[in-house]
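Here's the structure, in structure tokens; my notes come after.
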2 protein chains.
Amino acid sequence: MMPGASTVDAIRRVGLEMFARDGYEATTMRAIAGEVGIQAGSLYNHFASKEEILWDLTQGALMELTSRIRESMETLAVDADAQARLCAFVDAHVRFHALNSDQASIVNRQMAGLSAMHYRQAVSLRATFEAQLGEILQEGNASGEFHVIDFRMSVIAILQMCISVSTWYRADGKLSPNEICAVYVQLAQRMVGLDTRASMTRVPMKSLPMKGVSER
Amino acid sequence: MMPGASTVDAIRRVGLEMFARDGYEATTMRAIAGEVGIQAGSLYNHFASKEEILWDLTQGALMELTSRIRESMETLAVDADAQARLCAFVDAHVRFHALNSDQASIVNRQMAGLSAMHYRQAVSLRATFEAQLGEILQEGNASGEFHVIDFRMSVIAILQMCISVSTWYRADGKLSPNEICAVYVQLAQRMVGLDTRASMTRVPMKSLPMKGVSER
DNA sequence: CGGCGATACTAACAAGCGTTAGTTTTAAAG
DNA sequence: CTTTAAAACTAACGCTTGTTAGTATCGCCG
């Protein structure tokens with residue numbers, strides 16, 4: 001059987017979509033089962049409870065995001081400076097939230113449906129991203145590259161800026177992921193005090209000239 | 001009877017708190033009634049349905065935000081430049097989301113519980129804020145003050161940055177609203193291409209020196 | 001005092017919820 | 001074939017949901 005076609009994967013796929021679109025509380029087991037093409041009771045052959053479906057999806061989304069960020073950071077030279085790290089981090093974050101908006105919704109909006117224990121686990125895992133970005137900012141400030149106004153607020157502001165992409169990006173829209181990432185990478189650089197006009201910016205993918213994007 | 005002590009206002013107060021904390025779907029009429037100190041059926045002497053409570057709160061929150069922004073903009077000189085307008089707008093937005101985090105949660109997270117008609121109304125009202133900020137950015141770019149990378153993305157990024165304050169601000173925290181606003185105003189200025197180090201920034205309330213905040 | 005409207009309470013309704021028990025079907029292995 | 005375990009189905013349980021009807025209580029106005 002081809003991967004992604006098993007019943008478990010169908011439940012994952014449908015649950016992800018419905019939780020993201022309608023919210024965890026507003027999604028019923030019968031609705032998921034109906035979309036999968038089975039009866040509600042049959043869901044319990046694959047998941048012990050509704051919350052376990054959410055927990056499974058939460059873990060999957062966090063793993064996915066973790067992998068994407070790690071992969072992006074691994075493309076850097078070992079002696080890459082803070083600016084390069086920041087660009088890679090923002091690029092990976094924006095790309096994930098654009099291309100995986102359903103998974104992003106789980107992590108950013110639906111986690112309240114988790115049990116207290118699972119919620120704590122997920123939040124602490126999510127907190128590692130903030131710590132990672134915080135280190136980049138401190139490193140950049142220490143080397144004199146950045147001029148961060150406030151570490152904690154800058155970290156949250158940059159992350160939230162990246163997350164917001166998931167609320168408006170559409171695959172059939174006018175802007176490609178590469179173009180969008182280029183803009184947000186520039187915004188992030190500005191936020192940490194880099195002047196993206198004076199010095200050439202280094203972004204992971206091809207960057208666009210300023211006018212080229214703003215005139216769309 | 002003192003204002004804010006009537007049953008209607010008690011329902012508003014309790015509903016706002018519970019919707020913000022637990023979400024609209026996860027909040028039951030019986031839970032609201034219990035917190036108010038009446039029976040569930042008595043709620044229907046004041047509101048026709050659960051959705052109407054949410055709609056009432058949504059309208060109230062949007063009115064409040066509208067007023068705060070209008071007031072902030074009215075303090076400006078009639079010939080104020082784009083930078084001053086941007087600072088006033090961001091300051092009002094951040095201040096609202098810090099001091100009214102429950103109302104912010106309604107507008108930014110719980111509106112999915114509204115009926116289709118009410119949802120459309122609220123979204124279109126909320127869209128006027130984006131339009132207002134968009135005009136400021138265009139005005140600033142036209143006059144040469146700003147160097148906006150991309151209008152639409154910058155508008156969303158700045159707004160989302162302001163909104164994110166509601167997720168972490170605590171009245172008993174270390175930072176005052178004035179200090180927080182000062183940081184976000186500087187971040188916004190950087191995002192539109194202003195160099196907040198070279199030229200003195202103009203912010204509505206007292207601004208803090210960079211080191212004063214980042215070293216907390 | 002009498003009446004009346006606002007607001008509270010009680011009790012229940014129909015519908016829907018997550019979940020379970022018991023049974024039948026399916027499909028691969030022996 | 002027969003066996004067996006996975007996975008589907010049916011049917012229901014117990015509970016909660018938003019909401020309503022009918023009734024009682026409260027306080028104000030004449």
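Below, chains carry the letters A, B, ... as their sequence lines are ordered, and counting in each starts from 1.
Here the side chains of N141(A) and F151(A) are in contact, with some heavy-atom distance below 4.5 Å. In this structure the side chain of L175(A) never reaches within 4.5 angstrom of the side chain of Y169(A), judged on heavy atoms.
The salt bridge (Lys or Arg N to Asp or Glu O under 4.0 Å) test applied to R21(B) returns E17(B), not counting sequence neighbours.
One can place CE of M29(B) at 7 Å from C1' of dG18(D), the figure rounded to the nearest angstrom.
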Residues 152-163 of chain B side chain polar contacts: donor-acceptor under 3.5 Å, at least two apart:
residue: S154(B); atom: OG; partner: D150(B); partner atom: O; Å: 2.6

Run the side-chain donor-acceptor check on residues 125-140 of chain B: report pairs under 3.5 Å with partners two or more places apart or on a different chain.
residue: R126(B); atom: NH1; partner: V107(B); partner atom: O; Å: 2.9
residue: T128(B); atom: OG1; partner: L125(B); partner atom: O; Å: 2.5
residue: E139(B); atom: OE2; partner: R85(B); partner atom: NE; Å: 3.4

Kindly give the atom pairs (protein nitrogen or oxygen, nucleotide nitrogen or oxygen) under 3.5 Å for nucleotides 3-13 of chain D.
residue: dA8(D); atom: OP1; partner: T7(A); partner atom: OG1; Å: 2.8
residue: dA8(D); atom: OP2; partner: H46(A); partner atom: NE2; Å: 2.5
residue: dA8(D); atom: N7; partner: N45(A); partner atom: ND2; Å: 2.6
residue: dC9(D); atom: OP2; partner: Q39(A); partner atom: N; Å: 2.6
residue: dC9(D); atom: OP2; partner: S42(A); partner atom: OG; Å: 3.1
residue: dA12(D); atom: N6; partner: R30(A); partner atom: NH2; Å: 3.3

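Once you apply a 4.0 Å limit to the heavy atoms of chain B, the touched nucleotides of DNA chain C run 5' to 3' over dT7(C) to dA12(C).
D91(A) and R95(A) are joined by a salt bridge, as a carboxylate oxygen and a charged side-chain nitrogen come within less than 4.0 angstrom of each other.
Applying a 4.0 Å cut-off to non-hydrogen atoms, the residues of residues 50-58 of chain B that approach DNA chain D are K50(B), listed by residue number.
One N or O on the side chain of E179(B) and one on the backbone of S176(B) form a donor-acceptor pair closer than 3.5 Å. A donor-acceptor pair under 3.5 Å is formed between the side chain of N108(A) and the backbone N or O of A104(A). In this structure a side-chain-to-backbone donor-acceptor pair under 3.5 Å is present from T58(B) to L54(B).
The two residues P177(B) and L99(B) make their nearest non-hydrogen contact at CG-CD2, 3.9 Å.
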